[in-house]
Amino acid sequence: MLEIQRIRNEKEAVITGLKKRNFDATEVVDSLLGIDLQWRNSKTELESISAELNILAKEIGELFKQGKQAEATAAKAKTADLKEKEAVLKTTVEGLDTQIIQLLYQLPNVPNEIVPAGKSELDNVNVLEVGTKRIFDFEAAPHWDICKKFDLIDFELGVKITGAGFPVYKGKGAKLQRALISFFLEEADKAGYQEFIPPLVVNEASGYGTGQLPDKEGQMYYINEDDLYLIPTAEVPLTNIYRDVILPSEDFSIKMTGYTPCFRREAGSYGKDVRGLNRLHQFDKVEIVRIEHPSNAEKALEEMVDHVKGLLEKLGLHYRILRLCGGDTGFASALTYDFEVYSAAQEKWLEVSSVSMFNTFQSTRLKLRFKTNDKKTQLCHTLNGSALALPRIVASLLENHQTPEGVVIPEALRKFTGFDMIN
RNA sequence: GGAGAGAUGGCAGAGCGGUUGAAUGCACCGGUCUUGAAAACCGGCGUACUGUGAGGUAUCGGGGGUUCGAAUCCCUCUCUCUCCGCCA
């Protein structure tokens, strides 16, 4: 959520910035400012009436104490009219209040200066490509065939137990999962991220904190009986650790990591994109989350990008980094880098990580702040990224590292898998 | 699932209709003292909105009510804890 103060102060900049998303904010901003003005006026009026009532109440109390019953009763009569006015104004102010929140919820984050304007993924900017397409001297198999051949992942069995999008990992397939998780966590640990094992279900307040609610509830599994949500990413529980927190000084840099399964309903997805590991309802992911001083956020983003690069390079994968254009950048993000790995057999790029900087968009709702040196409270900046999501990494590992004899495990993973070949 | 207790500032913990935004202790910050530190003493110390400012308003888990006036009384919801049962 954008701060109303920002819209008051930088109206034009907000509108111009949002244009890069192809979002015409003029109407929303205008009505927002109009309502905001009304709100402030009504609120001021309401407060002065409340102030008057407070004074009267004190006086009446004083009169009763002094035993001046008659005077007190007379004073009481005066309050009736004010109370009525107060009640009316209170309703008005509350109404305007909800209108403001509703409008604010409609506005996505203002993109960073370096975000290119654009409508879709076609306008994303390729900022780096590492590696080259592998040339096969045999018929390269897609990962779902490899999984079947070596009995690594059983999609049909998942359908039997649960449904589509809930695969069963078996044998070396299961070990590979565990190895990747350990590898990613160890790398995060080395980079200074503190490891957490958070709950996999969260309450409504947490959903609002990171912005999954109110809009995206359809994407989360919901447990009606207990009013809880299955997490779509570890970002939700990890970031919400710092909901309603005021950090005591300017001197902070919070780096968290956590492995969790992630649950996504993926309502509306269909077609070939859902084949094999490309899109699942339950998948594993190691997430990195950072809470930073505004002045350090951009540097943090760079570090996170470098971290993810390191992971992909250690796995020997051919990847590229895209700076997302305005239209493709997520609602809450100000700047996002997507990492895509080339899937040799499917002959397409698969998104394996998304690293985003949210500025104060999340911390506004989270009420996550810090104390400045002159004792003021200021909003923190939040960032997060996948480091990494497993399924598509597994898909590309299997496809890119396949040989006629089997799949070669990258050097960096071997100490975690305990084997160097899937055959 | 059954029974009970409770939710007050960073923490502990008073208050139980009227100068209470809230005693007291601890923690924290500033100062005095000290070569320095500790101790002692003095002062400060929640958050948010609003106002150029003095200030004003709200806030004692959330919502509603009674009252001139509520942290204090009533209703309701949520959450936490304890005991019993059940399960691991």
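Because the structure is predicted, anything quoted here is derived from the model rather than measured. Every chain is numbered from 1, with letters handed out A, B, ... down the list of sequences.
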With ring-ring contact (aromatic ring centres under 6.0 Å, His included) as the rule and sequence neighbours excluded, what pairs involving residues 20-76 of chain A come up?
none
What is the distance, rounded to the nearest whole Å, between atom CG of A:Leu53 and atom C1' of B:C68?
8 Å
May I ask you to evaluate whether A:Lys83 reaches the phosphate of B:G69, defined as a side-chain N or O under 4.0 Å from OP1 or OP2?
yes
Decide, yes or no, whether a salt bridge links A:Glu302 with A:Lys299 under the criterion of side-chain N to carboxylate O below 4.0 Å.
no
A:Asp244 CG to B:U59 P: how many Å, rounded?
18 Å
What interatomic distance, in whole Å, is found between P of B:G53 and the corresponding atom of B:A48?
16 Å
Lys NZ or Arg CZ of A:Lys172 over A:Phe419 ring: under 6.0 Å, within 45°:
yes
For residues 93-108 of chain A, which residue pairs qualify under salt bridge (Lys or Arg N to Asp or Glu O under 4.0 Å), counting only residues two or more places apart or in two chains?
none
So does A:Asp306 pair up with A:Lys309, basic N to acidic O under 4.0 Å?
yes
Across all chains, not counting sequence neighbours, the salt bridge (charged side-chain N to carboxylate O under 4.0 Å, His left out) partners of A:Lys376 are A:Asp374
Across all chains, not counting sequence neighbours, the salt bridge (charged side-chain N to carboxylate O under 4.0 Å, His left out) partners of A:Arg290 are A:Glu292, A:Glu303
Residues A:Glu52, A:Lys85: salt bridge by 4.0 Å N-O rule
no
Identify the heavy atoms of A:Leu238 and A:Gly258 that sit nearest to each other, and give their distance.
CD1-N, 3.9 Å
B:G17 and B:C74: how far apart are their P atoms, nearest whole angstrom?
11 Å
Applying side-chain hydrogen bond (donor to acceptor under 3.5 Å, both in side chains), can you list everything that pairs with A:Thr92, at least two apart in sequence or on another chain?
none
For atom C1', what is the distance between B:U19 and B:G69, given to the nearest Å?
13 Å
Tell me, please, which residues at least two apart from A:Glu235 pass salt bridge (charged side-chain N to carboxylate O under 4.0 Å, His left out).
none
Distance between the C1' atoms of B:G62 and B:G6, in whole angstroms?
16 Å
What integer number of Å spans the P atoms of B:A38 and B:G46?
24 Å
Interatomic distance, A:Phe64 CZ vs B:U67 C1' [rounded to whole Å]
11 Å
Does any residue of residues 72-81 of chain A have a heavy atom under 4.0 Å from RNA chain B, and if so, which ones, in number order?
A:Lys76, A:Thr79
Provide the distance between the two C1' atoms, one in B:U34 and one in B:U24, to the nearest whole Å.
30 Å
Using a 4.0 Å heavy-atom cut-off, write out nucleotides 48-57 of chain B from 5' to 3' as B (base contacted by protein), S (sugar-phosphate only) or - (no contact).
SSSS----BB
Treating A:Arg323 as the side-chain partner and A:Pro116 as the backbone partner, does any N or O pair qualify as donor plus acceptor under 3.5 Å?
no
Nearest whole angstrom, please: distance from the P of B:C45 to the NZ of A:Lys376.
16 Å
What residues, two or more places apart in sequence or in another chain, satisfy ring-ring contact (aromatic ring centres under 6.0 Å, His included) together with A:Phe252?
A:Phe370
Rounded distance in Å - CD (A:Glu204) to P (B:C79)
11 Å
When rounded to whole Å, the NZ to C1' distance for the pair A:Lys90 and B:A58 reads 10 Å
What is the distance, rounded to the nearest whole Å, between atom CD1 of A:Ile49 and atom P of B:A58?
12 Å
For RNA chain B, just give me the dot-bracket, please: Watson-Crick or G-U, both distances below 3.5 Å, ( ) intra-strand, [ ] crossing earlier pairs, | paired with another strand, . unpaired.
((((((((.[[[..)..(.....]]].(((((.......))))).(((((....))))).[[[[[..)....]]]]])))))))....
For RNA chain B, determine which residues of residues 92-107 of chain A have any heavy atom closer than 4.0 angstrom to one of its atoms, and list them numerically.
none
Interatomic distance where CG belongs to A:Leu89 and P belongs to B:A58 [whole Å]
14 Å
So CZ of A:Phe183 and CG of A:Leu315: to nearest 0.5 Å the spacing works out to 4.5 Å
Which residues pass the salt bridge (charged side-chain N to carboxylate O under 4.0 Å, His left out) test with A:Asp30, sequence neighbours left out?
A:Lys11
Rounding to an integer number of angstrom, what distance separates B:G13 and B:C26 when you compare their C1' atoms?
11 Å
Interatomic distance at P, B:C33 relative to B:A70, whole Å
48 Å
